[in-house]
Amino acid sequence: MAIGSLVSNRNFGSFVGSGKVCKTEKSSSHHAVERSVIIAAQYGQPNLSFRKSLGLRLNSYSPKTSCSTFLHAITRDGKLLKPLGVRTDETAKCSYYPHLTSACTLTSGPSWLQCQKSRHVKVDRTSANYNSNDFDITKGDVDALALAEGSGDALFIEGNEQMVLPWWENFPKRWVIVLLCFSAFLLCNMDRVNMSIAILPMSKEYNWNSATVGLIQSSFFWGYLLTQIVGGIWADKIGGKLVLGFGVIWWSIATILTPIAARIGLPFLLMMRAFMGIGEGVAMPAMNNIISKWIPVSERSRSLALVYSGMYLGSVTGLAFSPMLINKFGWPSVFYSFGSLGSIWFALWLRKAYSSPKEDPGLSAKEKRIIFDGSVSKEPVEVIPWKLILSKAPVWALIISHFCHNWGTFILLTWMPTYYNQVLKFNLTESGLFCVLPWLTMAVFANIGGWMADTLVSRGFSITTVRKIMQSIGFLGPAFFLSQLSHVRTPAMAVLCMACSQGSDAFSQSGLYSNHQDIGPRYAGVLLGLSNTAGVLAGVVGTAATGYILQRGSWDDVFKVSVALYIIGTLVWNIFATGEKVLD
């Protein structure tokens, strides 16, 4: 077999692997300093991969070589296989594993491996990123992929063939967490917006007027309101994994039971929508808690933008597929099909997610350094300092701004299909398809805003300045475009105004939605639960009020209220908000 090695000693004579025996020559050093040779070997079977290394300890004043076993193989089903062992003798020969067919050497950091398959190899002296400090590798676990930063000299054994690990094995764990949160929010809004489409045939079947429709739409927020702060407290105390997993399963079951509740009677439907809100209410605080622990500050805006774009794409998916399912299978099919997807997500969540990097046993040392060097270590919260939190002006800036933001957002979320149907005269399918465009725009511009915000921070702009710029766009953009709806004369221009309004609104993800982790990273879940409670109140009041406004007024009146609140939010945010930490 061929053996790749990294040797932290320029005076080391030679180290060549051939067959089962390795030989060493006496070092010229006169000091009794122990040096380390790290040998990483790979099992020949295709379903095995190595996790640890076999270490040799070279004594510089003696030709004796001692071997220590650190090599383990892990099968794809997670079983740990012990090596057969090695022996040490006075002739400086080490017997290795007969079932090893190739060897790997770490050549450019802990992210990839170069594997040799030739029996005889040539030795060249090559510079490598390796710390030449003394190591005692005979005790404890040695991770072959985790080298300390530094510089030194090493021997690199060349081979005839190279193999790079699959990309999914090197994909950062922190972004796996982000993608799982993204998919949870995708399901969240799919299950939420399906009612805004299904309500049209349901209202005809059950003879509901506008006020009843508004009541049904707002009943979701009754439960959603209850679990905002509670969800944040749970997440900060017991971890976001359990809380978010509970939320997804809860709202998925409530979604499936919605058609049954509607047939029983209106009170049962209102109760089931409130139950669904209870499950979705914990999602944002739990996600915020997890992201605050996994993501460094330099990646915060883009990661949150990606997660929240899951909500927008969930709206896109729900609004696009709901009319098709309703036309082909009837309105109950929307709730049955969307709700059943939660079980698939939950299985992946249990297997892949951890509440914090400290709980993930498979996290590499390199990624741990990236995470912990770029964020504050946060221990679980025992007591919530409510008096301190509520005494801070930036916290109140978050609460008020969140209320102003969500008033307009939730009205568009719940009432947009009705606006397209009643004002623009689109049919059911057209209403659903044209509703997709504004949410698709939000998904795109949320990520553009996230990258812009992180770029500005990396170029030296203060976090406070970046948050104020992004949120000002998120407020003033929708205010301008909604004010233009009363002047447009064609459906195409109305849809364009809606899309531009929602696209500029998406910059809020790099503004107020990122600010909870800025001002109080340890209490990120509680802070988001607190501010989102105000946002949910805006959804409850605004959604119900829209139904009553439409009975006595027009859509222009609805949009004027939203524009006024956007302007108030802009003023409050720019006067009182900050990007600095005010809660420790």
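Panel note: side chain Q228, backbone G281; a donor-acceptor pair is recorded below 3.5 Å. Formation of a donor-acceptor pair under 3.5 Å by the N189 side chain with backbone atoms of M311 is found in this model. Within the 3.5 Å criterion, the main-chain N or O of L319 finds no donor-acceptor partner in the side chain of S322. Proximity of a side-chain donor or acceptor of Q484 to a complementary backbone N or O of C497 within less than 3.5 Å is not detected. In this structure a side-chain-to-backbone donor-acceptor pair under 3.5 Å is missing from T409 to N406. The main-chain N or O of L325 is found under 3.5 Å from a side-chain atom of S333 such that the two form a donor-acceptor pair. In this structure, the side chain of S401 does not engage the main chain of L398 through any donor-acceptor pair within 3.5 Å. Proximity of a side-chain donor or acceptor of S514 to a complementary backbone N or O of Q509 within less than 3.5 Å is detected. With hydrogens and angles disregarded, a donor-acceptor distance shorter than 3.5 Å links the side chain of D454 to the backbone of R302. Side chain of E359 to backbone of Y354: no donor-acceptor contact under 3.5 angstrom is found.
Interatomic distance, I278 CD1 to T227 OG1, rounded to the nearest 0.5 Å: 6.5 Å. Distance check: D505 CG to T441 OG1 gives 11.5 Å after rounding to the nearest 0.5 Å. To the nearest 0.5 Å, atom CD1 of residue I567 and atom CZ of residue F475 are 11.5 Å apart. A distance of 11.0 Å separates CG of L537 from CZ of F221, quoted to the nearest 0.5 Å. Within the model, atoms SG of C188 and CE of M276 stand 7.0 Å from one another, a figure rounded to the nearest 0.5 Å. A distance of 10.0 Å separates OH of Y308 from OG of S303, quoted to the nearest 0.5 Å.
Of all non-hydrogen atoms in G245 and W349, the two that sit nearest each other are N-NE1, 3.7 Å. When all heavy atoms of A235 and A286 are compared, the pair lying nearest together is CB-CA, 3.8 Å. Between T464 and A577, the shortest heavy-atom contact is CG2-O, 4.2 Å. Considering all non-hydrogen atoms of both residues, L363 and E367 come closest at CD1-OE1, 3.4 Å. The nearest pair of heavy atoms linking T255 to P259 is O-CD, 3.8 Å. Contact record, P394 with V582: CG-CG1, 4.3 Å, taken as the closest heavy-atom pair.
At most 12 heavy atoms of other shown residues, nucleotides or ligands fall within 6.0 angstrom of atom CH2 in W451. In this structure, Y336 places its OH atom where more than 12 heavy-atom neighbours from other residues, nucleotides or ligands lie under 6.0 Å away.
A salt bridge links E280 with R192; the closest basic N to acidic carboxylate O contact falls under 4.0 Å.
Annotation: side chain of I463 is in contact with side chain of V297 (closest heavy-atom distance under 4.5 Å). Using a 4.5 Å heavy-atom threshold, the side chains of F275 and I253 count as separate. For the pair V457/R300, no side-chain contact is recorded, criterion being any heavy-atom separation below 4.5 Å from C-beta on. Residues M452 and I469 have side chains not in contact (no heavy-atom distance under 4.5 Å, counting atoms from C-beta outward). Looking at S309 and L306, their side chains come closer than 4.5 Å, going by heavy atoms from C-beta outward. Counting heavy atoms from C-beta on, the side chains of L187 and S252 never come closer than 4.5 Å. A 4.5 Å side-chain heavy-atom check between L180 and L244 finds every atom pair outside the cut-off. Within the 4.5 Å cutoff, no side-chain heavy atoms of L388 are placed close to those of Y523.
The closest side-chain donor-acceptor pair between Y513 and H402 falls under 3.5 angstrom. A donor-acceptor contact under 3.5 angstrom links the side chains of R467 and S301, judged on distance only.
Each of N194, L200, I197 was compared with I326 under the side chain to side chain contact (heavy atoms under 4.5 Å, CB included) criterion, and only I197 meets it.
Aromatic ring orientation, F445 versus F507: tilted (interplanar angle from 30° to 60°). By the 30° and 60° cut-offs, the orientation of the rings of F403 relative to W407 is tilted.
Counting only residues at least two apart or in different chains, ring-ring contact (aromatic ring centres under 6.0 Å, His included) contacts with residues 565-584 are absent.
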Check: Under the side-chain contact (heavy atoms from CB on, under 4.5 Å) criterion, do L390 and W396 qualify, and how do the steps go?
Finding: CA-CA 7 Å; L390 296 176; W396 284 102; 4.2 Å; yes
Next item on the list: Check step by step if salt bridge (Lys or Arg N to Asp or Glu O under 4.0 Å) holds for E299 and R174.
Entry: CA-CA 10 Å; E299 298 175 353; R174 64 189 185 280; 2.9 Å; yes
Item checked: side-chain contact (heavy atoms from CB on, under 4.5 Å) evaluation trace for S531 with H516 -> CA-CA 9 Å; S531 72; H516 308 84; 2.8 Å; yes
Next item on the list: Check the pair L440 / Q502 against side-chain contact (heavy atoms from CB on, under 4.5 Å), numbers first and verdict last.
Entry: CA-CA 9 Å; L440 189 59; Q502 294 294 83; over 6 Å; no
Next item on the list: Could you walk me through whether Q217 and T546 pass the side-chain contact (heavy atoms from CB on, under 4.5 Å) test, one step at a time?
Entry: CA-CA 11 Å; Q217 298 276 41; T546 299; over 6 Å; no
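For W175 and F171, the gap between ring centers reaches or exceeds 6.0 Å.
Applying the side-chain hydrogen bond (donor to acceptor under 3.5 Å, both in side chains) criterion to S183, with sequence neighbours excluded, gives W345.
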